[in-house]
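One structure is given here, and the rest of the page talks about it.
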Amino acid sequence: MPNGVLTNTTEQLTTLPFNEIGVETILYIVFIIVIAYLLVRVISFVLRFVSEKIPSYRHPITMLIPLLKITIYFTALYYVLFALIEPDLTQLIAFFGLFGAALGLGLKDLLADIVGGLVIIFEKPYQIGDKITFGDYYGEVKDIGIRSTKLVTPDDSQVSVPNFKIFSEAVSSGNAGDIAMMVVIDLFIDPDGESGKAMSILKEAVTTSKFVIVSKKYPCTILLQDFPYYKRIRARAYVNDLRNEFEFMSEVTRRAWIEYRKLGIHPTQYRFPETGSSDSGNGS
Amino acid sequence: MPEDETTGESGEEREEEVVLFGYEEELKEAQSALNEYLWGKHKNIAIVSDPFAGRSTLVEYLARDYLTTTIAFNSVMTEKAFISTLHDANNIIVMENCHFLAMRKIGGFAQLDEFLKFLSKSDKLFITTWNTYSWSYLSAVKNLDEFFPKVIRLEPMNAESLKKMILSHYGNNIEYIDDAASKEKKLSISWKFAHIKIPFSSTTRTLPWPYLDLSSIFHKKKQENAEKLIFDRLTRVSDGSPGIARKIWDASIDYPKIRLSSIKEPTFDTDLSINEAFLLGIILTMEKIEPGDLAEIAGPEIDVEESLYILMNRELVAREEGYYIINYRALKSVKSYLELNRMVW
């Protein structure tokens, strides 16, 4: 920054009209912060409650939460700043210039998280309620905060991923804002098993599941692939609510294997190439 | 088992005058497809509707001017004997309640597959009726819509059509009584603007906020016509379904008087587990089902008796002549709940 500009900015700041900070001002600031915090909690609670009652609209409703959070906190910040100073426009610009520089130097990670949060909210690489893989973690997005995104993994652990990682790491969302999500179910059968029947049964096991949604938009596909010692029957179908992902997989697998056994379709077996002997495996 | 109406007991009913209200457009559409068939253009017809919407009345009305064979399925079909009836049937075949050809279980589509196989090789015209949700499900799973290029959906009726339909049975000498005027008042929400002075600044900002108008509760509005209020409420409660509207009307009327208060808007507890919701969805899509068939679909994972007890306790499901059916008063709530939870689509 040229010397003249820096001197000018410093001069502007030294003449900032700071208000007298008394007990009343402190109470006012505390009041603003408490109100903002309570407002965020209440709005989050209400929106989450409503979204759970209307599952089809769960994502659009919950995505209002981070947006409202940021709006409320920035409004609170605005009120707090104006409680401390009463600047004119030039002073305000000068103040935010230096404030920004201070943030950039001292709190750059926090600032990056906040910017990352804004990018997540507006660009929507994922939304609250999505099942995503972010970095090394997979889980349902429970909250998009100002600083971090909270995921709940399948084993019910809560993971906080800093928002700035959105700039450096790939994120994959299994459902991209939809409540339905594609699930892949693999069954491995003995290479001698009748693959046509096995595919047909898996298709029926999937399409008759209580967790499935099937339509032109949510198709069900059954694929077969041969491997040296087994055949893989793969179902790609949509679960009606991503929260039922694992129950869906489990239910389909169990029902399909019951039918396979009735038809003499067996799980793949361990084979030892050097002797050609086999040992029964547990395919289900 | 299917009933062949050309020889079966419902043949007598066909002698009665069938009167059709509200589905004139749908009838024209079906008649046009039928006439096209007579001129050599073959398009099988699927008439799709919710329960109680009057599918049977429509096909009966449609078929009366043509030489047809009618097969009406009454419960889940487990044998393919009906296929032999199709071989000997007239060129125009009416098949009612075709959703009974499939069960949502592994191996439950055999009869439907047989029927579609027959249909794809046949020159005969098939006029079929289906439950809306079964149709959507089977279209996705079995590509039904490819076999029936002409799909006629019976949409909910408006108050005017329901009124015509009901008064055709009861005549015009009905005395309408609005005894619930005060309860009909509605709240209204509008936007107001508050001017807020920003603290520590001379700026004033305008902030919009929702305003709840309670005045309609305290001030009596101009009284609306009792007849209109009654038919509007009947349409709302029945969700535009002629069958349900008729049942509610029959239960509410104290001939020749009908009171607005007698047409109640019931509420139901639809906070269900996934198993209960699944069974409810099956009953909705099949329209009526025997306990044994329901248990087969549910499999060992679901305690059918327990779930049915809960559904009946909440008055969502009723038992009639050995079948489980959706309580007609709860149909609107059941549809809405299951659609929102994507158990039916």
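Note that this is a predicted model, so its numbers are computed, not measured. Below, chains carry the letters A, B, ... as their sequence lines are ordered, and counting in each starts from 1.
Using a 4.5 Å cut-off between heavy atoms, B/Ile302 contacts chain A through its side chain alone, with no backbone atom that close. Of the two parts of A/Arg254, only the side chain, counted from C-beta on, holds a non-hydrogen atom closer than 4.5 Å to a non-hydrogen atom of chain B. Using a 4.5 Å cut-off between heavy atoms, A/Ser209 contacts chain B through its backbone alone, with no side-chain atom that close. If you measure heavy-atom distances from B/Tyr337 to chain A, you find no contacts under 4.5 Å at all.
By the 4.0 Å N-to-carboxylate-O rule, B/Glu29 lies close enough to B/Lys150 to be salt-bridged with it.
Counting only N and O atoms by type, the side chains of A/Asn175 and A/Tyr238 include no donor and acceptor under 3.5 Å apart. Checking B/Asn327 against B/Glu315 by side-chain atom types alone, no donor-acceptor pair falls below 3.5 Å.
If you tally non-hydrogen atom pairs under 4.5 Å between each of B/Glu301, B/Lys105, B/Met343 and chain A, the highest count goes to B/Glu301.
For the pair B/Lys142 and B/Phe109, the cation-pi test (distance below 6.0 Å, angle within 45°) is passed. Cation-pi geometry between B/Arg104 and B/Tyr137 is met: under 6.0 angstrom from the ring centre, within 45 degrees of the axis.
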